[in-house]
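Notes follow the structure.
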Amino acid sequence: MTTIQPGDETARPGAPAFAAPRGCPADITRLYGTTPDAGRDELWAALRERHGAVAPVELETGVRAWLLLGYHENLTVLQNPHMFARDTRRWREVAEGRVDLASGRPALSWRPNVLYADGAEHTRLRGAVVDALARVDMAATSRMVRQLCDELIDGFIAEGRADLVAQYANPLPVLVVNRLYGLADSYGHMLGDLTAIIFDEDAKRGEDAIARVHQYFSGLVDRKRERPGPDLVSWMLEHPSGLSGHEVAHQAALINSASHQPTTHLIGNTLRTLLSDNRIRGAYTDARLPVQELLDHVMWTDTPFQILPARFALQDMLIGSAEVRAGDALLIGFDSAHRDPAVRRGDDAGTGVASGSRAHLMFGAGPHACPARELAKMIAATAVTTLNERLSGMQLAVDPEELRWMPSPFLRGLRALPVSFAPGEPSSPDPGDSASSRGDGRRDPSSPGAEEDDAVEGDLLDRLLTWWRGLRG
Ligand code: HEM
């Protein structure tokens with residue numbers, strides 16, 4: 001039997017198979033159901049105490065997985081694609097009929113995209129995604145992000161109160177990515193609405209939204225084939241790896257889904273930290289704590305992804321004291337890894353920032369590591385900086401204990417972040433007229449790659465937009 005020990009990043013397969021007994025049901029922790037109001041932070045320590053570095057969990061009734069709690073175990077699994085696949089079709093729960101990958105639940109599905117691919121197929125798809133992202137002009141995009149932040153703030157600054165998740169952190173990433181697809185903001189608002197429904201708990205509405213999102217990306221590829229421009233989709237279409245239109249649509253859909261919620265909750269959790277931790281806020285305000293270090297601190301202590309699904313064991317092995325069988329799912333436990341006593345140290349003197357916070361695993365490791373970490377950090381840094389520049393006297397509108405976490409076992413983010421501040425003036429003369437606050441599709445002509453929303457009269461994208469506007473009345 002292969003044994004994976006902490007720090008064993010080069011372990012190789014080759015051990016005989018064995019039939020490991022399943023754990024006693026009393027020992028298996030449910031990750032579904034009600035999220036405790038205070039989040040799950042206490043759970044990881046309790047599981048570590050009971051099971052060591054790896055704990056048996058259930059994702060749904062009867063759907064088993066292993067949760068990796070130790071920092072080194074998580075890193076080892078991420079860095080060893082020859083022992084742990086990313087392709088969900090290798091999961092025994094799928095083979096034995098307990099999980100239907102076509103159900104569309106974001107964490108328990110399979111799509112023909114780079115995230116679920118292994119080996120040569122992964123290399124082929126990733127080449128197109130990485131090369132397209134590398135062509136993004138970061139300076140121009142940074143100005144575009146600032147403009148979108150200003151427009152979103154203009155939508156609520158006069159009110160003196162806002163929900164910074166719903167009105168700011170949630171719409172921003174999808175608007176940015178949508179501009180990188182070369183589309184006007186109205187499409188971004190539509191896509192944001194549809195993806196929010198997918199992450200909602202209403203399965204029926206979720207299925208319809210998945211079908212609409214599918215139409216959105218097919219329509220986007222059709223349009224870019226007809227009218228290529230300086231944008232991510234056109235660059236993937238023209239990439240030498242020769243992706244089909246269908247494949248490009250799936251990579252574009254992944255870029256949207258992979259970027260949206262983590263960036264939203266990185267922004268939301270950073271704002272929550274600033275609003276609830278006076279030491280951190282003081283250090284940030286008097287410039288002892290640069291925004292990038294603030295983000296590292298949040299990704300270490302308040303991770304937007306608490307669990308990343310998943311890797312699938314390609315052989316039987318022992319990890320810690322867990323007897324893992326080929327086909328078992330291993331969940332990457334970011335939050336628990338960052339709380340592992342083996343790597344967690346105290347705070348740096350003065351600022352309240354956790355020591356070693358740059359060792360966070362938030363952008364993954366190994367072949368699937370996030371190809372857009374600089375872009376993601378730039379979006380989050382711009383969002384935090386712009387908000388702090390624009391809103392004076394910002395404070396939480398509820399007690400910190402009243403803030404509620406998302407129910408997802410995977411994401412660690414707030415449902416809402418209500419704040420109050422001194423009412424201020426919009427930066428543009430008519431805030432209701434800005435493209436991103438109104439979602440009507442007009443845009444700043446200086447936006448990289450952005451086109452008008454009626455560029456190809458009557459195509460699939462336009463018909464979808466007409467349907468969505470009808471829904472909004
Ligand atoms: C704070 C924001 C973000 C975080 C924390 C984050 C984190 C991650 C992580 C952990 C992975 C690895 C998944 C795995 O190993 O299974 C990943 C992959 C990926 N991310 Fe990000 N990401 C962020 C933002 C973005 C953005 C803005 C984009 C694109 C515009 C993006 C595009 C992708 C893509 C395409 C992959 C798949 C790569 C592959 O499978 O080879 N991410 N991200």
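Treat the numbers as computed from the prediction; the structure is a model and nothing was measured.
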Report yes if the side chains of Tyr116 and Arg86 come closer than 4.5 Å at any heavy-atom pair, otherwise no. yes

Keeping the roles fixed (side chain from Glu58, backbone from Arg64), state whether a donor-acceptor pair exists under 3.5 Å. no

For Arg126, I'd like to know if atom CZ has over 12 heavy atoms of other residues, nucleotides or ligands within 6.0 Å. yes

Testing Arg225, Lys224, Arg223 one by one against Asp459 for a salt bridge (Lys or Arg N to Asp or Glu O under 4.0 Å), which residue passes? Arg223

Between His250 and His214, how do the two ring planes meet: parallel, tilted or perpendicular, split at 30° and 60°? tilted

When you compare the side chain of Thr141 with that of Arg179, does any pair of heavy atoms fall below 4.5 Å? no

Arg30 CZ: over 12 foreign heavy atoms closer than 6.0 Å: no

Quick one: does any side-chain atom of Tyr181 pair with a main-chain N or O of Phe217 as donor and acceptor, under 3.5 Å? no

Within-4.5 Å side-chain heavy-atom neighbours: Ile332 and Leu361: no

Say whether, by atom type as modelled, one donor and one acceptor occur between the side chain of Asn388 and the main chain of Val384 under 3.5 angstrom. yes

Polar side chain donor-acceptor pair, Tyr284 to Asp277, under 3.5 angstrom: no

Test your reading of the model: is there a side-chain donor-acceptor pair from Asn80 to the backbone of His82, 3.5 Å cut-off? no

Here the gap from Glu60 atom CD to Tyr32 atom OH, rounded to the nearest 0.5 Å, amounts to 8.5 Å

Mark yes or no for whether Asp399, through its side chain, and Glu402, through its backbone, hold a donor-acceptor pair below 3.5 Å. no

Apply side-chain contact (heavy atoms from CB on, under 4.5 Å) to Glu247 and list each qualifying residue two or more places apart in sequence or on a separate chain. Glu121, Arg124, Leu125, Leu243, Ser244, Gln251

In the structure I gave you, are the side-chain heavy atoms of Val99 and Thr88 within less than 4.5 Å of one another anywhere? no

Is there a donor-acceptor contact under 3.5 Å from the side chain of His368 to the main chain of Asp118? no

Sidechain-backbone polar pair: Ser234 side chain, Pro230 backbone, donor-acceptor under 3.5 Å: no

Decide if atom CD of Glu49 counts as having more than 12 heavy atoms of other residues, nucleotides or ligands within a radius under 6.0 Å. no

Report the distance from atom CG of Leu59 to atom CD1 of Ile307, rounding to the nearest 0.5 Å. 7.5 Å

Any side-chain to backbone donor/acceptor pair from Asn74 onto Leu68? Under 3.5 Å, distance only. yes

Under 4.5 Å between any side-chain heavy atoms of Arg212 and Trp467, yes or no? yes

Answer yes or no: is there a side-chain heavy-atom contact under 4.5 Å between Trp91 and Arg98? no

Side-chain contact, heavy-atom cut-off 4.5 Å: Leu274 with Ile280? yes

Return yes if some donor-acceptor pair links the side-chain N/O of Arg48 with the main-chain N/O of Ser336 below 3.5 Å, else return no. yes

Would you say the side chain of Met299 lies within less than 4.5 Å of the side chain of Asp296, judging by non-hydrogen atoms? yes

Does Asn113 reach the main-chain N or O of Leu254 with its side chain, forming a donor-acceptor pair under 3.5 Å? no

Give me the atom names and distance for the closest heavy-atom approach of Leu78 to Pro367. O-CD, 3.8 Å

